[in-house]
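Presented below is the structure to which this report refers.
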Amino acid sequence: MRVLVTGGAGFIGANFVQQTVRERPDVDVTVLDALTYAGDRSSLAPVADRITFVEGSVADADLVDGLVAEADAVVHFAAESHNDNSLHDPSPFVRTNLVGTYTLLEAVRRHGVRFHHISTDEVYGDLPLDTPERFTADTPYNPSSPYSSTKAGSDLLVRAWVRSFGVEATISNCSNNYGPYQHVEKFIPRQITNLIDGVRPRLYGAGLNVRDWIHVEDHNAAVWTILERGRVGETYLIGADGETNNLQVVRTLLEIFGRDADDFDHVNDRPGHDLRYAIDASRLRDELGWSPRYTDFRSGLEATVGWYRSNEAWWRPVKAAVEARYAESGQ
Ligand code: NAD
Ligand code: TDX
């Protein structure tokens with residue numbers, strides 16, 4: 001099987017490629033990645049000689065056409081992925097998330113290639129705190145940020161290409177991922193690398209916003225499950241019952257680092273900050289038989305802290321610039 005992985009030099013994509021090479025020697029992987037600020041070829045170093053790497057954009061129609069023509073399936077991770085960046089400059093979000101997805105859809109339509117679209121639970125907007133309510137595939141779309149609205153738009157493009165043109169596509173909407181190779185702009189790696197540097201973690205607002213954490217390897221195992229057993233045209237929500245508020249995450253990290261429980265700072269809140277995400281993944285669990293392996297968040301976090309301690313050369317070159325940007329917003 002020949003799989004084209006877009007965004008394979010990013011956080012989730014690089015983990016997906018490494019897992020695929022490790023666990024599925026029969027799969028031939030080609031990565032298409034534009035190597036934006038978020039892409040890093042060194043994230044693929046452990047498997048560099050076992051894959052084909054192409055540098056370029058998913059919005060480049062000629063390049064995409066040639067690569068899709070050679071593939072049996074496309075797994076589409078490439079995106080601008082950070083909410084805070086989308087508040088400063090939405091334009092690359094529109095180009096990559098909307099135009100890029102459109103470009104891929106037109107190519108898979110021409111060549112009759114199976115497509116899996118990686119999306120997010122943020123397309124559903126947010127939920128109130130302290131209710132049992134969770135997102136399902138029937139929850140109406142209600143995105144809050146430029147990031148989540150472009151992801152929502154890309155999902156709708158996929159649905160329309162399935163219905164109007166018979167494209168063989170599936171969609172997955174996953175909750176917040178954590179694990180190795182995540183960019184230090186994101187919440188968990190930012191706080192881990194702050195703590196390594198002896199800097200206090202930074203909590204937006206009161207820190208009561210809830211995210212539903214899942215280990216990146218569990219997300220990627222679910223993607224393979226959907227590729228192999230998912231029903232074409234279907235949407236699958238991926239989540240591992242990992243609801244935790246940001247304050248609890250910071251407190252757990254402080255404990256892992258042996259620091260005082262109050263050794264953090266409250267900083268400016270994110271405009272439009274979604275309150276709570278929570279996933280009902282029963283379709284994926286019951287129909288396709290997937291279940292997560294990382295069920296203990298604290299030990300998953302400990303392993304992730306270990307990875308950032310051992311891989312300082314990977315994150316150090318970008319840390320100061322990320323912090324300088326946050327400082328401009330008082331964050
Ligand atoms: P990331 O920002 O770490 O990586 C994105 C990758 O896409 C980078 O390698 C970047 O170079 C590449 N890219 C960006 N624009 C491109 C373009 N025009 N053409 C080709 N490549 C391009 O993101 P991530 O956290 O790994 O997220 C991957 C996917 O998963 C995204 O679609 C995101 O919406 C989705 N998702 C992420 C999470 C999460 O918690 N991180 C949760 C649910 C869904
Ligand atoms: O320094 C911080 N302090 C803080 O309190 C940062 C960077 C974030 N936060 C808060 C904001 C969120 O409530 O932590 C939470 C997580 O923030 P992010 O890591 O920026 O993730 P989020 O905005 O929830 O979006 C993530 O999950 C869904 C990914 O970045 C998206 O790509 C994915 O779709």
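Model, not experiment: these values are computed from the prediction. Atoms within a ligand are numbered from 1 in the order they appear, just like the ligands themselves.
Close N/O approach between Gln191 and ligand 2 is found [any backbone or side-chain N/O within under 3.5 Å]. For ligand 2, the polar-atom distance check against Tyr277 finds no nitrogen or oxygen pair separated by under 3.5 Å. For ligand 2, none of its N or O atoms has an N or O atom of Asp84 under 3.5 Å away. For the pair Asn246 and ligand 2, the shortest N or O to N or O distance falls below 3.5 Å. By the 3.5 Å distance cut-off applied to N or O atoms, Arg211 is counted among the residues near ligand 2. The shortest N/O to N/O separation between Asn209 and ligand 2 does not fall below 3.5 Å.
Phe297 and Tyr178 have their aromatic ring centers within a separation under 6.0 angstrom.
Lys151 and Thr120 are not linked by any side-chain donor-acceptor pair at a separation below 3.5 angstrom, with hydrogens and angles left out of the test. Asn85 and Glu185 form a side-chain donor-acceptor contact under 3.5 Å, judged by distance and modelled atom types alone.
Smallest separation of non-hydrogen atoms from Val184 and Lys319: CG2-CA, 4.2 Å. Closest approach of Val216 to Pro180, counting heavy atoms only: CG1-CD, 4.3 Å.
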query = salt bridge (Lys or Arg N to Asp or Glu O under 4.0 Å) between Glu133 and Arg276: does it pass, once the steps are laid out?
reply = CA-CA 10 Å; Glu133 203 188 334; Arg276 171 173 164 255; 5.8 Å; no

ask   = Could you walk me through whether Glu287 and Arg229 pass the salt bridge (Lys or Arg N to Asp or Glu O under 4.0 Å) check?
value = CA-CA 9 Å; Glu287 286 182 22; Arg229 299 201 290 279; over 6 Å; no

key: Residue pair Asn97, Thr150: steps toward the side chain to side chain donor-acceptor pair (under 3.5 Å) verdict   = CA-CA 6 Å; Asn97 302 359; Thr150 56; 3.0 Å; yes

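At least one side-chain heavy atom of Phe257 sits less than 4.5 Å from a side-chain heavy atom of Ile192. Between Arg298 and Leu301, the closest side-chain pair of non-hydrogen atoms is not below 4.5 Å.
Those atoms of ligand 2 with a heavy atom of Glu185 less than 4.0 angstrom away are 7 (C). Atoms of ligand 2 lying under 4.0 Å from any heavy atom of His273, numbered from 1 in the order shown and given with element: 11 (C), 12 (C), 13 (O). Each of the following atoms of ligand 2 lies closer than 4.0 Å to a heavy atom of Thr120: 28 (C), 33 (C), 34 (O).
Among protein residues, Gly7, Ala9, Gly10, Phe11, Ile12, Asp33, Ala34, Leu35, Thr36, Ala38, Gly39, Gly56, Ser57, Val58, Phe77, Ala78, Ala79, Ser81, Thr96, Ile118, Ser119, Thr120, Tyr147, Lys151, Cys174, Ser175, Asn176, Asn177 come within 4.0 Å of ligand 1, judged on heavy atoms.
Regarding atom 3 (N) of ligand 2, its nearest protein heavy-atom neighbour is Arg202 O, 2.9 Å. In terms of protein heavy-atom proximity, atom 5 (O) of ligand 2 is nearest to Tyr204 N, 2.8 Å.
Within the 4.0 Å heavy-atom criterion, both parts of Lys186, backbone and side chain, lie near ligand 2.
Not counting sequence neighbours, the partners of Arg22 by the side-chain contact (heavy atoms from CB on, under 4.5 Å) test are Gln18, Gln19, Glu217.
Taking each of Phe11, Tyr147, Phe187, Tyr178 in turn, the one with a heavy atom nearest to atom 17 (O) of ligand 2 proves to be Phe187. Ranked by closest heavy atom to atom 23 (O) of ligand 2, the top entry among Gln331, Arg270, His82, Glu122 is Arg270.
With Asn83 as reference, Glu122 is the one residue of Lys186, Glu122, His273 to meet the side chain to side chain donor-acceptor pair (under 3.5 Å) rule.
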